[in-house]
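What follows is a single structure, written as structure tokens, with notes after it.
The model shown is predicted, which means the values in this text are computed figures rather than measured ones.
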Amino acid sequence: MVVESAVIGNNKIELYIKSVLDYGICPYCGHISEKIHSQYQRVITDLPVLGKRVVIHFRPRKFFCQNDFCSKKTFAEQPGNEVFRYRRRTRRCEQVVTHHGLMSSSNDASSLLNGMGIPLCNTTVLRDIHRIRIPENKEITNIGIDDWAFRKGINYGSIIVNLGTGHVIDLLGDRERDSFSKWLECHQQVSLVSRDRSTEYSTAIALSGKRIIEVADRFHLIKNMSDCVTKTISENYSDYRNAVRSGNEITPEEKCIQPDIQEICNDKLSGDKKQEVNNNTDSRTIMFNEVKELQDKGFSIGAIAKKLKIARQTVRKYRNYTSLPPRKSSPRNEYFKFDSYVESEYSNGKSLVNIFHEIKNLGFKGSKTPFHDHYRYLSKGRKGRRTDRPKSIKKIKPQDNREPLIPVKTISSIVDKGIRMKELDEKEDILIQTLISIPWFKEIYNAATSFYKIFKEPNGGQLAEWINEYRDTELAKLKTFITGIILDMKAVENGIKYPFSNGIVEGFVNKLKTIKRMMYGKAKLMLLKRKLVLGTLLFN
């Protein structure tokens, strides 16, 4: 190929190329032909250069195939291996497209590629991913298998990892025995399987009839032991409570006596209403009398308004009256019934909001805003707070000098630190020493500690001794755990003996969850498989 010409624009570079050969080679029979049939135009997208989109214009020729035994009469010349047949992108461009499609969702990949100068839609990205063939991995020997959730608690699948290379090799649509059995039939070279405590995978291996070494994952074994400790503590939590609370006495609770509001208000309302009204002269009447007095002394309207700090219109209206007429509006709320109580409670430190809710239950029909406006005189500071207001009387809180109880999960985490021989602080050490005095805790704690040491210092013979020591325990959860160990004895011993574990499989399960979220949970099994399998094979 040679470049005939190039056109460089602001955002695009166009290259015009042609072939320098005088002949063409038939891709069907390999015959050389020099007889040209016609020409046509191919537009090929390449990777961008300096941020500019690159477009290649190629005019391939079509030749007559002069081989009488060839099934094709004509064929088109191809621009080498850099551009595959029927494609509109170069090979390196397709690799970038596939890489973005595997690392992100098709919509995100399409947006990124368009920004790079490779215009593609999301369906084209998916089509490129599905075009790649997944390797069969027939020669695999050591694998790890674990389950993962399509929808948690509803349906699950299985993930299989090559322990030799640390790459995902397959995804299964469920975690049933039959699916894994069929997979093992297609992979006869498998000789070791690392798994969790699942009985389905173990049964499939047994039914295969092959000598496959089963390795129980150490993480799951220790996790099962930790769960056993947690459940045992939860079942006997009352013993922990008695051990912690022994010797402590409860101090008597002091009750905070609240005033009987109904009784106070009834006392206030039992008097003569007219007398209460006289004792609480209306401010409107007082202001009217003040205006009349200043008017008799010869003050002008403006001077009266300035002195009394009221509106000029109000002064003018009062000057024209000989006596104060009754209010034209509806009767006001009967604040006089509650004035004494509100003032006394407010002076004792209670807020107006709480007082409002109290008198509301006693028949007060006013709303909150007029209530606060009416008793604004009680507060001299900002936002209804008085600067000389006495401090609030704090309620005497009930006291309890007993040792606080720790939740089961917190106890379990502290015990787990002790079992794993990690450093404990003073409070944690005291808790362990307190619990050790309880017989059942001492037994489960010693059993868990010795079980952890078996995996910390591998020695297969110690497992049998540990089982014989705690086989006759009266702790139900520990007995159930030991029964499960006995049923899966060979795999557990291999878990101590062999260096393999399911840690890398658990890591890929987390990666699978991330990919599912990235695909908004809509990715099918084949697409998830391609994203996990092809990502490491193509670009590692």
List in chain and number order the residues that pass ring pair (Phe, Tyr, Trp, His ring centres under 6.0 Å) with Phe299, two or more places apart in sequence or in another chain; answer none if no residue qualifies.
none

Using side chain to side chain donor-acceptor pair (under 3.5 Å), reason through Asn114 and Ser110 one step at a time and then give a plain yes or no.
CA-CA 6 Å; Asn114 278 279; Ser110 176; 3.3 Å; yes

Set of residues satisfying side chain to side chain contact (heavy atoms under 4.5 Å, CB included) with respect to Glu293, sequence neighbours excluded:
Glu290

Spatial distance of atom CG (Asn361) from atom CZ (Phe356) [nearest 0.5 Å]:
10.0 Å

Taking the side chain as every heavy atom from C-beta outward, state whether Val54 and Leu47 have any atom pair closer than 4.5 Å.
no

Walk me through whether Tyr156 and Phe150 qualify under ring pair (Phe, Tyr, Trp, His ring centres under 6.0 Å).
CA-CA 5 Å; Tyr156 290 81; Phe150 277 105; 8.9 Å; no

Is a salt bridge present between Asp227 and Lys231, judged by a nitrogen-to-oxygen distance below 4.0 Å?
no

When you measure from the side chain of Asp425 to the backbone N and O of Glu428, does any donor-acceptor pair fall under 3.5 Å?
yes

Within the structure provided, determine whether Ile159 and Ile145 are in side-chain contact (heavy-atom separation under 4.5 Å).
no

Ser226 and Asp416: side chain to side chain donor-acceptor pair (under 3.5 Å), yes or no, with the steps?
CA-CA 7 Å; Ser226 299; Asp416 190 64; 3.1 Å; yes

Salt bridge (charged side-chain N to carboxylate O under 4.0 Å, His left out) partners of residues 100-124, not counting sequence neighbours, each pair once
none

Rounded at 0.5 Å granularity, tell me how far CD in Glu200 sits from OG in Ser158.
9.5 Å

For Val125 against Gly101, the heavy-atom pair lying closest together:
CG1-CA, 3.6 Å

Per the side chain to side chain donor-acceptor pair (under 3.5 Å) rule, what does the pair list look like for residues 503-519, sequence neighbours excluded?
His220-Glu506

Are Ile13 and Val55 packed together at the side-chain level, in the sense that at least one heavy-atom pair is separated by less than 4.5 angstrom?
no

Are Phe481 and Phe451 close enough that their ring centers fall under 6.0 Å?
yes

Rounded to the nearest 0.5 Å, how far apart are CD of Glu94 and CD1 of Ile118?
10.5 Å

Any idea which heavy atoms bring Ile129 and Leu534 closest together, and the distance?
O-CD1, 4.3 Å

The reported gap from CZ in Arg530 to OG1 in Thr98 (rounded to nearest 0.5 angstrom) is 11.0 Å

When you measure from the side chain of Lys292 to the backbone N and O of Tyr321, does any donor-acceptor pair fall under 3.5 Å?
yes

For Glu235, give me all partners under side-chain hydrogen bond (donor to acceptor under 3.5 Å, both in side chains), at least two apart in sequence or on another chain.
none

Would you compute the distance between atom OG1 of Thr449 and atom CD1 of Ile444 and round it to the nearest 0.5 angstrom?
9.5 Å

Arg131 atom CZ: more than 12 heavy-atom contacts under 6.0 Å
yes

Criterion side-chain contact (heavy atoms from CB on, under 4.5 Å) on Leu527 and Met519, from CA distance to verdict:
CA-CA 10 Å; Leu527 183 57; Met519 302 296 294; 3.5 Å; yes

Before you tell me yes or no, could you show the steps for Val415 and Ile432 under side-chain contact (heavy atoms from CB on, under 4.5 Å), namely the whole-Å CA-CA distance, both residues' side-chain angles and the distance that decides it to 0.1 Å?
CA-CA 7 Å; Val415 171; Ile432 296 294; 3.9 Å; yes

Nearest heavy-atom contact between Cys93 and Arg89 is SG-CD, 3.9 Å

Under a 4.5 Å cut-off applied to non-hydrogen side-chain atoms, are Lys52 and Lys12 in contact?
no

Keeping the roles fixed (side chain from Ser111, backbone from Asn107), state whether a donor-acceptor pair exists under 3.5 Å.
yes

Hey, would you say the Tyr237 and Tyr240 ring centroids sit under 6.0 Å apart?
yes

Do side-chain atoms of Ser104 reach the backbone of His100 as a donor and acceptor pair under 3.5 angstrom?
yes

Would Val96 and Arg92 satisfy side-chain contact (heavy atoms from CB on, under 4.5 Å), going step by step from the backbone distance to the final call?
CA-CA 6 Å; Val96 172; Arg92 58 181 184 178; 5.9 Å; no

Should we say atom CG of Leu50 is surrounded by more than 12 heavy atoms from elsewhere, each under 6.0 Å from it?
no

Using a strict 4.0 Å threshold on nitrogen-to-oxygen distance, state whether Lys417 and Glu423 make a salt bridge.
no

Should the heavy atoms of other residues, nucleotides or ligands under 6.0 Å from NZ of Lys360 be counted, would the total exceed 12?
yes

Any Asp146 side-chain heavy atom under 4.5 Å of Phe508 side chain
no

Is Tyr470 close to Ser450 at the side-chain level, that is, under 4.5 Å between some pair of heavy atoms?
yes

Would you say Lys531's side chain and Ile515's backbone share a donor-acceptor pair under 3.5 angstrom?
no

Given side chains that start at C-beta, do those of Thr230 and Lys477 come closer than 4.5 Å, heavy atoms only?
no

Quick one: salt bridge (charged side-chain N to carboxylate O under 4.0 Å, His left out) pairs with a partner in residues 166-180, sequence neighbours left out?
Asp147-Arg175, Asp170-Lys529

I need the His374 NE2 to Thr369 OG1 distance, nearest 0.5 Å.
14.5 Å

Neighbour count >12 (heavy atoms, 6.0 Å) for atom CG, Asn10:
no

Minimum heavy-atom distance Ile411-Ile233, with the two atoms named:
CG2-CD1, 3.9 Å

Where do Lys350 and Glu358 land on the side-chain contact (heavy atoms from CB on, under 4.5 Å) test, with the steps shown first?
CA-CA 11 Å; Lys350 190 175 292 186; Glu358 291 173 356; 3.0 Å; yes

Donor + acceptor pair across side chains of Tyr375, Asp339 (<3.5 Å):
yes

Please confirm whether the backbone N or O of Thr434 pairs with a side-chain atom of Ser437, one donor and one acceptor, at under 3.5 Å?
yes

Check whether Ser347 reaches the backbone of Glu343 with its side chain - one donor and one acceptor, N or O, closer than 3.5 Å.
yes

Asp217 side chain to Arg195 main-chain N or O, any donor-acceptor pair under 3.5 Å?
no

Is Trp148 reaching over with its side chain to a backbone N or O of Val509, donor-acceptor style, under 3.5 angstrom?
no

Given 3.5 Å as the limit, does a donor-acceptor pair link the side chain of Thr232 with the main chain of Cys228, or not?
yes

In terms of heavy-atom contacts, Ser105 and Met518 come closest through CB-O, 3.6 Å

Less than 4.5 Å apart, any side-chain heavy atom of Gln295 and any of Tyr318?
no

How far apart are the closest heavy atoms of Ile485 and Arg197, and which atoms are they?
N-NH2, 3.9 Å

